Structures are given as structure tokens and as C-alpha cells.
Amino acid sequence: MITRMSSLFLRTLREDPADAEVPSHKLLVRAGYVRRVAPGGYSWLPLGLRVLRNVERVVREEMDAFGAQEIQFPALLPKEPYEATNRWTEYGPNLFRLKDRRGADYLLGPTHEELFALTVKGEYSSYKDYPVTLYQVQTKYRDEARPRAGILRGREFVMKDSYSFDLTDEGLAKSYQDHRDAYVRIFDRLGLEYVIVSATSGAMGGSASEEFLAVAETGEDTFVRSTESDYAANVEAVTTIAPPEQSIEDKPEAQVHRTPGTPTIETLVDFLNAAGLGRTFTAADTLKNVLVKTREPGEKEWTLLAVGLPGDREVDFKRLEAAVEPAEVELLTETDFARNAFLVKGYIGPGALLANGVRYLVDPRVVRGTAWVTGADEAEHHVVDLVAGRDFTPDGVIDVAEVREGDPSPDGRGTLVAARGIEIGHIFQLGRKYADAFSLDALGPDSRPVRITMGSYGIGVSRLVAVIAEQSHDDRGLIWPRNVAPADVHVVVAGKDDALLAGGEKIAAELHEAGLRVLLDDRRASPGVKFKDAELVGVPTILVVGRGLADGTVEVKDRRSGDREEIAVADVVPHLLGVVRS
RNA sequence: CGGGGCGUGGCGCAGCUUGGUAGCGCACUCGCUUUGGGAGCGAGGGGUCGCAGGUUCAAAUCCUGUCGCCCCGACCA
């Protein structure tokens with residue numbers, strides 16, 4: 001089809017919008033793809049809507065290709081199914097809630113596990129019906145505390161969410177793998193640079209889970225990758241390799257020392273090194289015990305939890321939250337310390353913790369046979385050479401110390417470096433949480449019910465438009481990959497006289513005839529304006545119809561590389577077909 | 001929720017300190033010129049200065065309150 005700029009509903013801006021920070025936001029607004037309507041709410045103008053539709057098309061093709069079937073639910077949903085799974089309350093303030101005229105509670109769907117589960121329950125009842133995978137491309141609503149970065153993080157956004165229903169764990173594993181493979185194909189077709197990281201399952205519940213992160217400096221998620229291997233993981237999910245265990249026999253006896261004025265690791269290390277013990281200590285030789293409290297969902301009472309880790313590392317609170325999920329976790333208050341007199345702040349050691357029944361979990365580096373300097377449970381006193389497995393035995397291991405650049409990669413190859421990414425896809429093996437909530441069973445061949453197991457898989461479709469823009473632009477504007485570009489060719493008529501315009505129209509018609517999507521700049525504007533707009537809009541191939549037309553040539557420019565070549569008018573169609581289809 | 005900033009034609013901004021005709025650039029309309037890198041000249045249209053109250057002869061400007069938005073953090077499939 002031919003889209004004429006003279007009548008296209010489009011106004012480009014010469015200046016960046018004041019409220020935009022990240023490149024994708026600035027460029028999508030400047031190039032007239034989207035306009036802000038409300039915080040976290042954007043309208044799609046013609047060119048933007050085309051890109052969004054193109055992304056959707058790629059997603060649908062790959063979902064359909066492995067047998068997923070598209071359906072669609074309302075965005076406006078009744079409360080009851082979400083009460084059955086407790087998410088009406090658990091989802092918290094991020095859920096958009098509203099009432100109808102009778103006062104009945106509704107919500108705008110943030111994600112649709114409940115509806116999919118109920119729908120399958122309503123239609124299917126035999127093991128012969130399974131497995132099945134359903135998906136939808138739907139507008140989702142989340143009352144984000146702080147929407148930001150244009151359409152990268154909105155309160156209304158388009159998401160593809162799919163759900164697999166299987167009879168067995170092996171079936172679920174296959175459905176999961178099918179999705180993973182499809183996602184790889186989708187993101188490859190969209191020309192994205194991304195990594196797949198193991199993730200925590202978050203509020204969704206469930207076990208195995210991976211995130212697809214598009215690599216972008218402006219991303220909100222931090223992940224680590226190995227310098228040597230293709231290992232990549234969300235920081236919350238990085239596992240620490242435990243050092244080998246050591247023998248206990250050759251360790252000196254634990255000794256309590258008076259260590260006045262040493263409430264912090266730094267002061268303690270300085271004191272020890274000045275105390276003439278005949279060796280040098282570092283912060284990594286100390287065992288720091290951090291006290292927190294946790295509360296299981298539905299419980300009223302908080303439970304103490306002590307985390308022991310090498311003194312040179314801090315507890316990463318996000319990793320801690322992920323580790324104790326679904327329980328909540330908080331730091332201890334002064335009141336808590338006062339209530340538990342055996343906790344001597346600054347001098348807490350394993351002894352008092354274990355003696356008083358406080359659950360004590362340690363960093364993986366604290367293995368049997370390692371000797372530590374740690375608190376002696378008495379103000380101004382520490383114990384040196386307290387040996388794990390001899391002098392104390394922790395209740396277990398918890399891997400929540402901060403991850404640092406330079407730490408060894410968990411796969412044993414290379415070291416870790418940090419990078420930023422934007423979550424574009426997330427796949428989960430949900431398990432039976434939702435099936436349990438709705439008693440979703442199939443009648444098995446032995447006439448006994450089999451509880452269905454589910455997977456849940458999402459792609460941020462509208463976010464992808466911004467992510468592609470984020471990864472594919474330069475200082476002049478957007479540069480769309482061919483698969484999602486709003487047109488195949490942008491024909492610029494570089495002049496205002498009728499002969500040029502007629503020439504441009506004719507070539508555009510021929511390209512259209514040949515099956516290409518043509519954006520024709522037939523405006524009576526000066527050439528400079530048109531060139532600038534073409535670069536801003538970002539169609540990958542620009543065809544300039546200008547002064548060469550009299551000699552029978554036009555110019556083909558590649559938006560990304562800037563390369564240009566003169567082509568005889570007679571050869572334009574086959575040449576461009578070659579460029580576009582390559 | 002904590003911290004910071006901003007609300008003035010469609011967009012980007014100045015004016016506010018020191019109260020007195022609301023201004024600039026872009027965009028838009030008309031005319032002439034120009035025509036391969038965001039053209040020139042001329043003439044125009046368009047603004048309850050976020051909202052409410054107060055001080056004053058007089059408020060975009062000073063005072064009080066309030067609403068909204070943006071950024072950083074917290075939070076977040």
C-alpha cells in the first residue's frame with residue numbers, strides 16, 4: 001500500500017519532549033508514533049500502531065506455529081476468581097479495582113491465570129483433551145507506583161500471555177521448552193540483543209522460571225553474565241559456589257578476646273591487626289551475623305532469622321526477599337533487640353543464636369572447617385578461630401550476600417560482570433497452584449481425577465516496540481528492523497516541482513504493484529525537512545527521487561549504514577525487492 | 001511512600017528576584033521569493049499564566065491552600 005505523507009496523520013517534533021529521558025521515549029514521541037494521554041498511558045498514532053501490529057504478528061505466527069491457540073478474555077473482570085486464588089488481596093495496590101453501579105467489585109486484569117484455568121475447567125474434563133496451550137494478546141492494567149520511560153513501563157500495556165495445561169510434570173517441561181524455543185525465534189526475528197536468565201518466580205508462585213532480558217543501558221533490571229561462558233542470571237538468582245570443606249583437626253582452638261570499641265567490621269579488623277596475634281586479618285575472615293525477621297503469608301507473628309556471611313559482604317535485600325519468598329522480611333527494630341536481650345548488637349555470634357533457638361543460616365562460603373572471627377555474644381568481645389562444624393553448626397545455607405563484579409561464575413568458567421536489561425519475556429512452570437484453587441482435574445484412563453499442571457508465559461508486546469527503539473536508533477532517529485518497520489521503503493520526493501512529484505508517484509505505484517509497503521513523502525516541503533523526517537521515522541530503506549530523475553536515476557539509501565547508491569529508474573523495482581527481501 | 005524539580009498558546013521555553021500593555025523559538029494561515037540537508041522576507045490567527053482563596057488601586061509575578069505532572073529512590077509478571 002502507499003501511504004502519502006501529505007495526508008498521513010503525523011506531526012514530527014523538532015525538539016525532545018520535556019518529560020522524556022530515555023532514547024526510545026524521546027524518539028517515539030518526536031517521530032509521531034505515540035502521544036502521552038495519562039501517566040503510563042499512551043495513544044498509538046498511525047505509524048506507531050503499524051509497528052505494534054507488526055510485533056504482534058510475529059508473536060502470533062510463532063505461537064500458532066507450535067500449536068498454541070488464541071482466545072481473548074475481557075480486560076474488565078469480576079472479583080470472584082481472583083478471590084479464589086487470594087490474589088484479590090495478594091496483588092495489593094498494583095491492582096486496578098473498580099465498582100459497577102450496583103457496588104459489585106471488578107478489576108482490570110493484570111494477568112489472567114484465573115480466567116484461563118476456569119475456562120479450561122469449563123470445557124475440558126478428559127485426559128484425552130490434554131495437553132492444550134491457549135494464549136491471548138490483551139491490554140493489561142497495573143497501577144504501577146511509578147510508570148516511567150514512556151511505553152517502556154506503563155500502567156496500560158499490551159501483553160501476550162499464554163498458559164499450558166498438562167497432565168504430567170514431563171508434559172509441563174515440554175510445554176515450557178516449546179515456549180522457550182518460540183520465544184527465541186520471536187526475539188531473533190525482531191532483531192533483538194537479549195539474554196535468557198534464570199529468575200525467581202516472584203508473586204506468581206511456582207518453580208522453574210526464566211526471564212528474557214533485552215540488553216539496554218536504560219534497563220531497570222540488573223543481571224550478571226560470565227566473561228567466559230554464556231552464563232547469565234538475574235542477580236536474585238545467582239548461586240555462589242561453595243569452597244571445598246577443610247579439615248577440623250589442624251585448626252587452633254577458639255579464643256575469646258576483649259575487643260573494645262569494635263562494633264563494626266572495619267574497627268574489628270583494625271583492632272585485631274594491631275593486637276599482635278601473629279597474623280593478618282581481613283574483613284573476609286570475619287563472620288558477620290545479620291538479624292532479620294520473617295513472616296509467612298497469613299501469619300501474624302514475625303520469626304527471627306539470622307544470616308551469617310563473610311564480613312566483607314553486605315546482605316543484598318533483593319536476594320534475601322527472593323530467598324525467603326513467599327514470606328515477608330524486615331530488618332529488626334530497636335524494639336526487637338530490646339525484646340531479645342541475648343542479641344548483643346555488634347557482637348552477635350552463632351553461640352547465642354543457636355542456644356536461643358534462632359534459625360541460623362549461613363552463606364555458602366561458610367563450609368565445614370572454615371575458621372572465623374565473630375561476635376562472642378558479649379559487648380566488646382569477639383571470638384577468633386571459631387570453626388564451622390566444630391564450634392557451631394548452622395541450621396542451613398542461605399545465598400543472599402551481594403554479588404560483585406569479579407566473582408567467579410557459578411558454572412566455573414570466567415568471572416561475573418554486571419549489565420542492565422529490560423524484561424521482555426518471562427516463562428514459568430507454575431505447577432498446580434491455580435489448578436488446586438479451582439480443582440482443575442481431568443478424568444484419567446483409570447477413571448480417577450488427575451490434577452492439571454500449568455505453565456504461564458508472557459511477552460510484553462507494546463514494551464517490545466520501545467525496546468526495539470531502544471536498541472536500534474542513532475542520533476538522527478529510529479532505525480526499524482525490516483520485520484517491524486512501518487513501511488518497506490520511504491520514497492522522498494526531493495523537490496516541489498510537478499515533474500518530480502509525478503516521478504515519485506509513478507515509482508511509488510510500481511513498488512506498490514510489486515507488493516512493497518510504500519511511505520511516499522509527497523509534501524510540498526523543502527528537501528532538508530523531508531530528509532530529516534525520513535531519518536527520524538526510521539524506515540530502513542529510503543528512496544530519493546530528485547535531481548537525478550532527469551537523467552533516469554534515483555538514489556537508494558540504507559538508513560542504518562548511511563550507504564547510498566544510484567540506481568536507474570528502470571531497475572528500481574527489482575533492486576528494491578532484492579534489498580527488502582534479503 | 002521518601003527526596004528533588006516543574007506547571008505560561010499545539011510543542012520547547014523566557015518573564016516571577018524588584019507587582020503595572022503576556023513574550024521568544026518551533027508548528028499553523030496568507031503573500032512573494034527559494035527548491036538536495038530542518039529556507040528568507042512580510043503579514044496574521046491562537047494563551048482562564050494548573051486551580052482556589054488572600055494582599056493590593058493593580059498579581060503570571062507576593063502570601064496561603066490545593067491539584068497535577070516529571071525525575072531519583074522504595075516498590076514492581
Side-chain angles (χ1 to χ4, degrees), chain A residues 10-22 25-26 29-30 32 35-41 87 90-95 109-113 138 140-150 152-155 157 159-163 199-206 209-213 218 220-221 234 236 317-318 321-322 325 328 330 422-428 430 455-461 463 476-477 492-501 521 523-536 542 544-550 554-555 557 562 564:
Chain A
L10 171 73
R11 189 102 310 156
T12 58
L13 305 177
R14 199 178 290 206
E15 288 160 302
D16 287 332
D19 58 358
E21 291 287 314
V22 302
H25 188 191
K26 290 178 182 173
V29 172
R30 273 191 60 204
R35 289 287 183 261
R36 198 189 80 98
V37 172
R87 291 212 297 180
E90 265 180 24
Y91 219 95
N94 265 22
L95 193 64
T111 168
H112 283 74
E113 280 77 1
Q138 238 299 21
K140 306 287 183 178
Y141 297 86
R142 290 183 196 170
D143 193 357
E144 295 283 351
R146 188 156 91 80
R148 68 185 94 180
L152 223 34
R153 177 175 211 80
R155 297 198 293 174
F157 57 96
M159 175 163 117
K160 184 288 297 176
D161 51 328
S162 47
Y163 304 85
T200 53
S201 37
M204 313 296 301
S209 160
E210 288 170 292
E211 280 178 358
F212 292 70
L213 295 179
T218 48
E220 299 179 83
D221 294 312
N234 205 304
E236 284 105 275
F317 214 75
K318 286 197 161 184
E321 285 176 335
E325 182 108 62
E328 308 169 68
E330 278 184 14
I422 301 167
E423 185 179 353
I424 51 177
H426 202 153
I427 52 179
F428 289 95
L430 269 185
S456 152
Y457 319 88
I459 288 181
V461 174
R463 172 180 282 184
R476 296 167 173 231
V492 172
V493 178
K496 295 179 186 172
D497 69 76
D498 292 340
L500 277 183
L501 262 179
D521 196 345
R523 296 175 300 173
R524 295 195 176 269
S526 60
V529 171
K530 295 185 176 183
F531 290 140
K532 291 289 185 193
D533 274 349
E535 281 156 349
L536 181 59
I542 299 168
V544 182
V545 178
R547 59 192 169 200
L549 188 67
V554 291
E555 190 177 294
K557 287 206 292 192
R564 47 177 81 183

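The sequence lines fix the lettering, A, B, ..., with proteins before strands; numbering per chain opens at 1. On a predicted model such as this, the values are computed, not experimentally measured, just so you know.
Closest contact between the side chain of A:Pro39 and the listed nucleotides B:G37, B:C69, B:G38 involves B:C69. For A:Val529, counting side-chain heavy atoms from C-beta on, the closest listed nucleotide (B:A39, B:A77, B:C13) is B:A39. Counting only heavy atoms from C-beta on, A:Arg142 has its side chain closest to B:A77 among B:A77, B:C28, B:G37.
With rounding to whole Å, A:Arg523 atom CZ is found 15 Å from B:G36 atom C1'. Look at CZ on A:Arg476: it is 13 Å from P on B:G37, rounded to the nearest Å. Atom CZ of A:Arg148 and atom C1' of B:C70 are 12 Å apart (whole Å).
Base-pair partner of B:G10: B:C26 (Watson-Crick or G-U wobble, both distances under 3.5 Å). Across every strand in view, B:G2 sits in a pair with B:C72 that passes the Watson-Crick or G-U test at under 3.5 angstrom.
The phosphate of B:C71 (OP1 or OP2) has a side-chain N or O of A:Arg146 nearer than 4.0 angstrom. Regarding contacts with the backbone of B:A39, a side-chain N or O of A:Ser526 is found under 4.0 angstrom from either OP1 or OP2. Taking side-chain N and O atoms only, A:Arg36 has a distance below 4.0 Å to OP1 or OP2 of B:C70.
Using a 4.0 Å heavy-atom criterion, one finds that A:Val492 contacts no nucleic acid atom at all. Contacts of A:Asp533 with the nucleic acid, taken as non-hydrogen atoms under 4.0 Å apart, include base atoms. Looking at heavy-atom distances under 4.0 Å, A:Arg30 makes contact with a base. Residue A:Ala534 is classed as having no contact, given no heavy-atom separation below 4.0 Å to the nucleic acid.
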>> Run A:Val29 and A:Arg36 through side chain to side chain contact (heavy atoms under 4.5 Å, CB included) and show every step you take.
In response: CA-CA 8 Å; A:Val29 172; A:Arg36 198 189 80 98; over 6 Å; no
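Look at the P atom in both B:G31 and B:C69: the space between them is 43 Å, to the nearest Å.
Within 3.5 Å, no donor on the side chain of A:Asp16 pairs with an acceptor on the base of B:G12, nor the reverse. For A:Arg14 against B:G10, a side-chain-to-base donor-acceptor contact under 3.5 Å is absent. Between the side chain of A:Lys26 and the base of B:G12 there is no donor-acceptor pair of N/O atoms closer than 3.5 Å. Residue-to-nucleotide contacts include a donor-acceptor pair under 3.5 Å from the side chain of A:Glu535 to the base of B:G37.
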